[in-house]
Structures are given as structure tokens and as C-alpha cells.
Amino acid sequence: MNAERRFVEELDDFEDDFDRWYVEVVRKAELADEAPIRGMRVVMPYGFALWENMQAQLDWRIKATGVQNAYFPLLIPRSMLEREAEHIEGFAPEVAWVTQGGSKELEEPLAIRPTSEAIICPMYARWVQSYRDLPILINQWCSVLRWENRPRAFLRTSEFLWQEGHTAHSSLDEAEERTKLMLEVYRDFVETELALPVIPGQKSESEKFAGALRTYTIEAMMGGKKWALQSGTSHNLGDHFGKVFGIEFLNAAGQREYAFNTSWGLSFRTIGAIIMVHGDERGLKLPPRVAPIQTVIVPIWRKDAERETVESAVDGVRESLRDVARVFVDRRDDKTPGWKFNEWEMKGVPLRLEIGPRDVAGNQAMVVRRDTHEKQAIPLDELATRIPQLLEEIQDNMFETAKRMLDENTERVSTYERLKERVAANAGFSRVWWCGDETCEEKVKTETKATIRCIPFDQPGGTGDCIVCGKHSDTEVIMARAY
RNA sequence: CGGGGAGUGGCGCAGCCCGGUUAGCGCGCCGCGUUCGGGACGCGGAGGUCGGAGGUUCAAAUCCUCUCUCCCCGACCA
């Protein structure tokens, strides 16, 4: 047992059993707990506070592009859900149905939304008559239900929290522009606020959203097994949904046209990404910008007399930090300081301030970083300027560390053998040439379990041989196993 | 939904094969005291219809049937 391990004796080993580690961290850091309903979880206050901070940061970014928030019904009549064939085919196996209202059997079963295109598009059809009514740019924060078979806290639960944006446009170009814009919003949000480096790109035909023309995605690499996690998707729906749901309008030339739609979503599954990308053998490590508690103060004393002076110094510090950081003072007197250090590290708090008699005497506080474990004494009157700086440094360092992990575990692979080896060894992402044929894609999936995560926007240029069939290709894709 | 593993005080487990005193242990919890700068200690105490239902039996945590849930692997998915 090494030194790191001793700090977190109750936590399953990070290297040996990453999946178990994940489950343990979720519960012990008090992010979520099991619910008495299959596949569902209770998001606990600490986890929900994290989600609220994330929501706030994503919400303003979405609104800054001209989108407004609204709310649509939870239930979708069967006839509406089934109108778009590919769409319902894609979701049918995981839709839950309401068939009874009170004691009365419903004439038409109502689906609990697995996503809201089928209830939102019919509304858009009512609202649009002219090209002047377009675009419609609406987002909603809600939960959706998909009857999942293998639940995992945040990553895959029957009910999950997300935002789903739905827009309608008068041209395909405009819809395409919006689709890409929202992916960029996601990329910026995830990289800036969550310190998660991602690879933006396009989904292959077989991996795209049910009913979409094109799906764009941001893919992140998780720690542990170095699998991929789709962390946000943006779909160009073309005019399929416009036609099916009758979103018709007269253009400037007086001709009847169908609207072009987009939809885009980011769920609390990205909390799972935060846990798996940044976490370590001591537990959770939260990015300062969204951490519910950015700085925890642990007062230390022995005698009552010491307690008084320490507490008053702590009050002063807390006051001086009021406007610069989210601070929590851990005043519990039934836990020793050492116990608290471990607990707050487990909960991923970016900075810890230790203030004891020695510090009060020296007019300073011991400041400890969660990311580097670096410990330094900082004069009390400098805390208000140093703490925000340190939080920023931690945020940057966490991004850099995650970026290094992504880069170091991504390799250009030119032989199928090597690809198989890498997937089997959980070696990370492989960048390979792909001819575009679904048979080649399928073969890799069946034989190695890796899938095309995306066709990155960032293409190397030039051409090469398809990793499977050897045919000439000008497209490089990311192959990896995914959660 | 297929394969494997597991459900026993809040958590982690033992007991189960081979049915038989009052179902144990560690941690946690409550009280008192001593402690407190990297998971403190002593003494006293509380807490269980052994996941649920049904069955076999004089007797079930233990055997049988059904069922629910969780974890791992596979298929599906944000």
C-alpha cells in the first residue's frame, strides 16, 4: 500500500478498478445516491450545486447566441412521436409510456419524452407562417426518460437532466451554421468551465442522431480506461422534421417551403466526465469555476483559548473572501483536522485553508492546492488577491493535465493489428484513415468494440489507406471504446 | 435483454455447502471524558422482521420456487 492509498483507505483503487472507483466516488463525495426506482438516482445537494453552477455557465452562453428558454410538456402523444420514422425507430426500445389517467385507460398512450423534437416541432408548425417568423431559437432545461438497461450514475440513468435546444430556420445553410455554432458553445463551455479538453467533429452515419441529417459531437477522453465520452451533441435535422410535422412558411418570393431544424443537447452526464477526467486516487477533483465550494477553511486549535483567537481570525478571512470565492468554513468539532483534510480532498474542493494558532501568530494561513498538493503560507491580508489567482491557476493546470492525458493517449495508427492492440490495452484514442464504408466501421466495432467517435474537424490533410480495407481515403477518424 | 457475481444494523463483511442457543466482527452512530497541524483514544450505549413473496420442515439467514435491486461483461444508448 503506497502513501497515496493510505489517505483514502475506503476508496477502491483508482488504477485497478476504475469502474468501482467511479461508483464509490459518486457516493462518498455525496454527489448522488441510489433511488428506489430501477435505473434512477437521487442527485444530492453537493452534486446538484455542481450541476447548478454548470447550468448557469452554459445558460448564459446559449442565451448570448440569441436563444430564449421555454418549457414544453413532459408527455408526447404516440401519434406525434411516431410521425418521424427514423426518429421513433431510434428511440422506440427505450420509451416509457403512460397508458392510464387516474382510473381511466387513455385512448392514446402518451410517451414520456425521450427527447422533445416530436412535441416541439408541432408547436413550431403552429407558430410559423412566414419567413419573418423564422428563425425560432428555443432552449429548455428539463429531464427526459430513456428506459436504460445498464444504469450508471450521471453517465446513463433512466431519467437524466439536460438542456435541449430546438431551432427552426428558413434555409439549410442557416440551420447548418446554428448546428456548428452550438457545438462551439459546448466546446467553449466544457473546456473553459469544466477544464475538459474535447475533440469536436462529426458523427458517422451509423452513429448520428435518429432522424438527423448530420450530428456533430464533442468527445472527451476519460481517465482510467481512457475510453471516450460523448459530451455534447448538435444535430442538423435538415427539413425531415419540418416536412413531417408541417412546419411550413411562405418565403420572400411567396413560395411555400418547409423549415429546417436543429437540436442540440448537453446532459448532466458531463458531471461523469468531470469525475473521470480529473479524479485521482484521493477522489474527486473539481474545476474551480464550477466547484460548489472553491475554498474550504479548516480552523485548528487545541485549547478553548486558542479556539477563540483562531475563530476570530477565521471570521476575518471568510469576510475578506466573501466576494472573491465560494468559501465554506468547516467548524465541526467532532472531526480532527486530518480527517477533514481527507474528506474535502475526496469531495474535490480546489483549495484548503488551514488556520491554527501558529498561523494566527504569524498573521498567515496555510494554503493547500487539491491539484498539486502544494502547501504554502500566505499572509492573511494577501488572501483576497491570492486565492482567486490560485483558483485560476488550478483551473488552467487541470485543463493542461487533462489535455496532456488526451494527447499522450492519442496515436496515429496505420495498421489494423496496432488498432486492435491499442483497443484491447485500453490505450486511448486512435486516429486512423477510414474509407467511409459502413462495413469497415462495423467490422472494427464487432472485432474490437471500438467505434468511430467522430470525424474530427481537425483533419491532417492528405490521404491514406483505410485501416480496414486499405482503400484510398482522405478522412481521418477517431476510434475508441466509449461509455 | 443475454452471461457472471452479489444483496445480512448507516458502510464493509463473516455465518449459508452440512437447517438447531440470544445472528457475529470492523468502521460509523449516541453519551461522558481525554484529544485535535494528514483519517485520535478510553469507558458506557443504541441499532437487525438476514432484499421481498411464497414453499419445505418440529425448526429457515441457511434448503426449494418466484421476484426486485446492485456490480462486472455483452447488445443498446446522451
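Model, not experiment: these values are computed from the prediction.
- The partner of B:rA14 is absent, by the rule that a Watson-Crick or G-U pair needs both atom distances under 3.5 Å.
- For A:Met346, counting side-chain heavy atoms from C-beta on, the closest listed nucleotide (B:rC76, B:rC70, B:rG39) is B:rG39.
- Comparing the P positions of B:rG20 and B:rG24 gives a spacing of 14 Å, expressed to the nearest Å.
- Centroid-to-centroid, the aromatic rings of A:His87 and A:Phe241 come within less than 6.0 Å.
- Taking side-chain N and O atoms only, A:Lys203 has no distance below 4.0 Å to OP1 or OP2 of B:rC77.
- Residue A:Glu159 contributes atom CD, which lies 21 Å from atom P of B:rC77 at whole-angstrom precision.
- For A:Glu94, the listed nucleotide lying nearest its side chain is B:rC77; candidates were B:rC77, B:rG37, B:rG38.
- Put simply, A:Lys449 has a side-chain N or O that comes within less than 4.0 Å of OP1 or OP2 on B:rG74.
- If you check every strand for non-hydrogen atoms under 4.0 Å, A:Lys208 touches nothing.
- As the counterpart of B:rG7, B:rC68 is assigned, both hydrogen-bonding distances of the Watson-Crick or G-U wobble pattern falling under 3.5 Å.
- When the P atom is compared between B:rG51 and B:rU8, the two are found 6 Å apart, to the nearest whole Å.
- Here the nucleotide nearest the side chain of A:Ser267, chosen from B:rG74, B:rA78, B:rC77, is B:rA78.
- Across the interface with RNA chain B, nearest-nucleotide mapping of A:Thr233 and A:Arg27 shows A:Arg27 to be the residue nearer the 5′ end.
- In this structure, A:Gly356 reaches the bases: a heavy-atom distance under 4.0 Å links it to at least one base atom across the strands shown.
- Classification of A:Asp188 and A:Arg61 as a salt-bridged pair holds, one side-chain N sitting under 4.0 Å from a carboxylate O.
- Nucleotides B:rC71 and B:rG55 are separated by 30 Å at their C1' atoms, to the nearest Å.
- Using the Watson-Crick or G-U wobble rule with both distances under 3.5 Å, B:rG28 pairs with nothing in any strand shown.
- Look at the C1' atom in both B:rU34 and B:rC72: the space between them is 47 Å, to the nearest Å.
- Between A:Lys335 atom NZ and B:rA40 atom P there is a gap of 10 Å when expressed in whole angstrom units.
- Listed nucleotides: B:rC73, B:rG38, B:rG37. Nearest to the side chain of A:Arg352: B:rG38.
- Base pairing of B:rU34 is made with B:rA40, judged by Watson-Crick or G-U wobble geometry with both donor-acceptor distances under 3.5 Å.
- Between A:Arg156 atom CZ and B:rC76 atom P the separation is 11 Å, expressed in whole Å.
- Among A:Glu177, A:Glu176, A:His169, the one residue that satisfies the side-chain hydrogen bond (donor to acceptor under 3.5 Å, both in side chains) test with A:Asn236 is A:Glu176.
- Computed from coordinates, the A:Gln230 CD to B:rC76 P distance equals 14 Å when rounded to whole Å.
- Contacts of A:Leu229 with the nucleic acid, taken as non-hydrogen atoms under 4.0 Å apart, are absent.
- In this model, no donor atom of one side chain and acceptor atom of the other lie less than 3.5 Å apart for A:Gln202 and A:Thr217.
- With a cut-off of 3.5 Å on both pairing distances, B:rU57 has no Watson-Crick or G-U wobble partner at all.
- Within the 4.0 angstrom heavy-atom criterion, base atoms lie near A:Thr157.
- Looking at heavy-atom distances under 4.0 Å, A:Phe160 makes contact with a base.
- For B:rG39, the OP1/OP2 oxygens have no side-chain nitrogen or oxygen of A:Thr336 closer than 4.0 Å.
- Using a 4.0 Å heavy-atom criterion, one finds that A:Asp359 contacts the bases of the nucleic acid, with or without backbone contacts as well.
- A:Gly39 comes within 4.0 angstrom of sugar-phosphate atoms only, judged by non-hydrogen atoms across all strands, and of no base.
- For A:Glu343, taking side-chain heavy atoms from C-beta onward, the closest of the listed nucleotides B:rC76, B:rG37, B:rG39 is B:rG39.
- Under 4.0 angstrom from either OP1 or OP2 of B:rC73 there lies no side-chain N or O belonging to A:Arg152.
- No engagement by A:Lys303 is indicated, since no non-hydrogen atom pair under 4.0 Å with the nucleic acid exists.
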Trace of the side chain to side chain donor-acceptor pair (under 3.5 Å) decision for A:Ser206 with A:Glu441: CA-CA 9 Å; A:Ser206 70; A:Glu441 184 182 14; 2.8 Å; yes

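- At the phosphate of B:rC36, OP1 or OP2 sits under 4.0 Å from a side-chain N or O atom of A:Arg302.
- Rounded to whole Å, the distance from CD on A:Glu219 to P on B:rC77 is 14 Å.
- Taking the six-membered ring for Trp, A:Phe91 and A:Phe209 have ring centres closer than 6.0 Å.
- When the C1' atom is used for both B:rC27 and B:rC64, the distance is 36 Å, rounded to whole Å.
- In this structure, A:Arg481 reaches the sugar-phosphate backbone alone: every heavy-atom distance under 4.0 Å involves primed, P, OP1 or OP2 atoms, never a base.
- In this structure, A:Trp162 has its ring center closer than 6.0 angstrom to the ring center of A:Phe160.
- The P atoms of B:rG4 and B:rC66 are separated by 14 Å, rounded to the nearest whole Å.
- Atom CD in A:Gln376 sits roughly 17 Å away from atom C1' in B:rG37 (whole-Å rounding).
- Ion pair A:Lys208/A:Glu205 flagged as a salt bridge, since at least one NZ, NE, NH1 or NH2 atom sits closer than 4.0 Å to an Asp/Glu carboxylate oxygen.
- Comparing A:Arg41 and A:Trp162, the nucleotide of RNA chain B nearest to each residue sits closer to the 5' end for A:Arg41.
- Atom CZ in A:Arg358 sits roughly 12 Å away from atom P in B:rC36 (whole-Å rounding).
- Spacing of P atoms, B:rU35 relative to B:rA46, comes out at 28 Å, to the nearest Å.
- Side chain of A:Asn409 to main chain of A:Met405: a donor-acceptor pair is present (N/O by atom type, distance under 3.5 Å, no hydrogens or angles).
- Across all strands, A:Pro357 comes closer than 4.0 Å to base atoms (heavy-atom distances).
- Following rounding to the nearest Å, A:Phe209 (CZ) and B:rA78 (C1') show an atom-to-atom distance of 10 Å.
- Between the side chains of A:Glu207 and A:Thr215, no donor-acceptor pair is found at a separation under 3.5 Å.
- Partner assigned to B:rC1 is B:rG74, using Watson-Crick or G-U wobble distances below 3.5 angstrom.
- When the nucleotides B:rA78, B:rG37, B:rC36 are ranked by their closest atom to the side chain of A:Trp301, B:rC36 comes out on top.
- Contacts of A:Tyr186 with the nucleic acid, taken as non-hydrogen atoms under 4.0 Å apart, are absent.
- For A:Pro337, the listed nucleotide lying nearest its side chain is B:rG37; candidates were B:rG37, B:rA78, B:rG38.
- Taking atom P in both B:rG10 and B:rU57, the straight-line distance is 34 Å, to the nearest Å.
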